[in-house]
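In this text, all values refer to a predicted model and were calculated from it rather than measured experimentally. In what follows, every heavy atom counts, from backbone to side chain, and hydrogens, waters and symmetry copies are set aside.
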Amino acid sequence: MIYSEQLLSKVTYIFKQKYNTEPELIFSPGRINLIGEHTDYNDGFVMPAAINRGIYMAFGKNELKTLRLFSLDFNQSVEININALKPIEISWANYILGVTSEIEKTHPLRSGFDLVFGGDIPIGAGLSSSAALESGVGLALNHLFGLNLKKIEIIKAGQEAEHHFVGVRCGIMDQFASVMGKKNHVIQLDCRSLDFEYFPSIFDDFQILLCNSKVKHALAESSYNQRRAECEKGVSILQEKFPDVNSLRDATITMLDAVRGQMSEIIYNRCSYIVEENRRVLKASQFLKNKDLKQFGALLFESHKGLSEKYEVSCEELDFLVDQVQDISSVLGSRMMGGGFGGCTINLIKRSATQDLIPELKDKYYKKYQNELEFYEVELNDGTHLINKNDYE
């Protein structure tokens, strides 16, 4: 892949300045999710892919019992004893401390380490900069200390870090995509069994364009945990009549309708969205196999409607962006992506139409919200990996 020479040079330079040694380097990608939103923590199906934007890390062992960390994006340092790992008030550090703590439980580290990192993933855009950071730290520790961790162990360490150090009860999709990404492929992942299949992206004349709304409403984190609790409430109601339902993955609309009288309208809507979204992911895989991009794109629009009206995790700005492209023939599909309440829409658009659409959307959005849209044309990339210096020097 083509790396950001500016970021590589910067993390390397600062590492040398701070720690007076030559670092090793890692690239850990952000991710997009084509379809399957909020299904991962319901044991469902998702379709993510790693992208060519991510976190760049310079790292190395030190002879101390100390983690010495520096964030380029926040221009901030943290030092903490390896025997005193606990959540702190500096939020970005908790992703690193959490992964280190999880790995330490089964693989005690012999010394501390130094880490400098920076990225080209916009924070709050829904591209999962946190999972990229967690995955990069997991690979760095595995490499530095010869831990022989399997990829799934690195993935789960990142997820557990979110649960215990960050306080977000996330599913496994983001970390899985960051670690397991494959160039020019999407992943269909079964979040219960962790079985997965790669599908070649057959976009050809079409491309993925992300539109960053540049808003992140304060609801996002608390509402994420709330949606999870609402789904769990739905499962507990279903289990009274259908004891074999362990998660919404096992439910059908027929089952939901049978217990609808015992559910509030909100719980029914949350659950029916998840059931329908799981079906959409499986359909999407079939459309990719059949090279039917038109039907694939229609599922993205359907997904957004469900996220906005039933799951209620969209916002006015995201709905506006999807509405603006709904009737444009060069856009096959569009939806909000990520946890919601801000961030990006993901659009499947004809390559030849992109440069005309960008200024048009930008102008309409600014007139409506007095806010500047940002656009990212992304390619599908390999997962978290060590950077061979010969690849960019």
Got a sec: does the NZ of K368 have more than 12 other heavy atoms crowding it under 6.0 Å? no
Taking the side chain as everything from C-beta on, heavy atoms only, tell me whether M337 gets closer than 4.5 Å to L127. yes
What are the two closest non-hydrogen atoms of L373 and L321, and how far apart are they? CD1-CD2, 3.7 Å
Rounded to the nearest 0.5 Å, what's the gap from CG on L332 to CZ on F296? Could you check? 10.0 Å
For L139 against L386, the heavy-atom pair lying closest together: CD2-N, 3.9 Å
Kindly state each residue pair satisfying ring pair (Phe, Tyr, Trp, His ring centres under 6.0 Å) with at least one member in residues 300-320, sequence neighbours excluded. H38-Y311, Y273-Y311, F320-Y369
If we only count heavy atoms from C-beta on, is the F199 to S285 side-chain gap below 4.5 Å? yes
Once you measure the plane-to-plane angle for H385 and F27, does it fall in the parallel (<30°), tilted (30-60°) or perpendicular (>60°) bin? tilted
S111 side chain to N62 main-chain N or O, any donor-acceptor pair under 3.5 Å? yes
Do R279 and I253 have side-chain heavy atoms sitting under 4.5 Å apart? yes
Search all heavy atoms of L69 against all heavy atoms of Y19 and return the closest pair with its distance. N-OH, 4.1 Å
Q6 CD: over 12 foreign heavy atoms closer than 6.0 Å: no
Check this for me: does any side-chain nitrogen of one of R335 and E302 sit under 4.0 Å from a carboxylate oxygen of the other? no
Expected output: side-chain T345 to main-chain L318 donor-acceptor under 3.5 Å: no
Give me the ring orientation class for F59 and H143: parallel if the planes are under 30° apart, tilted from 30 to 60°, perpendicular past 60°. perpendicular
Does any non-hydrogen side-chain atom of L256 lie less than 4.5 Å from one of L238? yes
Heavy atoms from other residues, nucleotides or ligands near CD of Q370 exceed 12 (cutoff 6.0 Å): yes
Side chains of Q355 and E377: any donor to acceptor distance under 3.5 Å? yes
Do other residues, nucleotides or ligands put more than 12 heavy atoms under 6.0 Å from the OH atom of Y198? yes
Measure from the side-chain N and O atoms of S28 to the backbone N and O of A132, and report whether any donor-acceptor pair falls under 3.5 Å. yes
Given 3.5 Å as the limit, does a donor-acceptor pair link the side chain of H185 with the main chain of A49, or not? no
Kindly indicate, with the supporting measurements, whether the criterion side-chain contact (heavy atoms from CB on, under 4.5 Å) is fulfilled by V259 and F242. CA-CA 10 Å; V259 297; F242 305 102; 4.3 Å; yes
What's the shortest heavy-atom distance between C315 and F341, and which atoms? SG-C, 3.9 Å
Going through the distances and angles, do R270 and E312 end up as a salt bridge (Lys or Arg N to Asp or Glu O under 4.0 Å)? CA-CA 8 Å; R270 305 294 190 253; E312 295 185 280; 3.0 Å; yes
Would you mind checking if R192 and D250 are paired as a salt bridge, meaning a charged N to carboxylate O distance below 4.0 Å? yes
Is a side-chain donor or acceptor of S272 paired with a backbone partner of N269 at a separation under 3.5 angstrom? yes
CA sep, side-chain torsions, deciding dist, call: V322, L300, side-chain contact (heavy atoms from CB on, under 4.5 Å): CA-CA 10 Å; V322 173; L300 303 190; over 6 Å; no
So do the side chains of I154 and I103 get within less than 4.5 Å of each other, counting heavy atoms only? no
Does some side-chain heavy atom of L144 sit less than 4.5 Å from a side-chain heavy atom of L109? no
Hey, mind stepping through E102 and K156 against side-chain contact (heavy atoms from CB on, under 4.5 Å) and telling me if it holds? CA-CA 9 Å; E102 290 302 319; K156 287 183 175 178; over 6 Å; no
For atom NZ of K105, decide whether the heavy atoms of other residues, nucleotides or ligands shown that lie under 6.0 angstrom number more than 12. yes
In terms of heavy-atom contacts, does NZ of K283 have more than 12 from other residues, nucleotides or ligands at under 6.0 Å? no
Should L147 and E153 be marked as a side-chain contact (heavy atoms from CB on, under 4.5 Å) after you check the CA-CA gap, both sets of side-chain angles, and the distance that decides it? CA-CA 11 Å; L147 303 180; E153 292 178 278; over 6 Å; no
Heavy-atom closest contact (M180 atom, I187 atom, distance): O-CD1, 3.8 Å
Do other residues, nucleotides or ligands put more than 12 heavy atoms under 6.0 Å from the NZ atom of K151? no
Counting only heavy atoms not in K86, do more than 12 sit closer than 6.0 Å to its NZ atom? no
Go through the side-chain N and O atoms of Q207 and T354 and say whether any donor and acceptor fall under 3.5 Å apart. yes
Check for a donor-acceptor pair, side chain of N81 on one end and backbone N or O of N83 on the other, with a separation under 3.5 Å. yes
Quick one about S4 and D120 (side-chain donor to acceptor, distance below 3.5 Å, no hydrogens or angles considered), yes or no? no
Atom CD in Q175, atom CG in L133: separation rounded to 0.5 Å? 11.0 Å
Which residue in the set M173, R228, E232 passes side-chain contact (heavy atoms from CB on, under 4.5 Å) when paired with Y41? R228
Just by distance, do the side chain of D382 and the backbone of K183 share a donor-acceptor pair under 3.5 Å? yes
Taking side chain as C-beta onward, heavy atoms only, is V313 less than 4.5 Å from M336? yes
Exam field: side chain N52 to backbone E379, donor-acceptor pair closer than 3.5 Å: yes
Looking only at atom types and distance, does a side-chain atom of R68 sit under 3.5 Å from a main-chain N or O of V116, one as donor and one as acceptor? no
Drop me the distance from N33's CG to D174's CG, to the nearest 0.5 angstrom. 8.0 Å
Rounded at 0.5 Å granularity, tell me how far CG in L209 sits from CZ in F375. 6.5 Å
Do E277 and S303 have side-chain N/O donor and acceptor atoms under 3.5 Å apart? yes
Determine whether F176 and C191 make a side-chain contact, defined as any pair of heavy atoms from C-beta on separated by less than 4.5 Å. no
Between N142 and L149, is there a donor-acceptor pair closer than 3.5 Å when you use the side chain of the first and the backbone of the second? yes
Under the criterion side-chain contact (heavy atoms from CB on, under 4.5 Å), which of L85, L115, V78 is the partner of L67? L85
Least distance between heavy atoms, Q159 atom then G171 atom: NE2-C, 3.4 Å
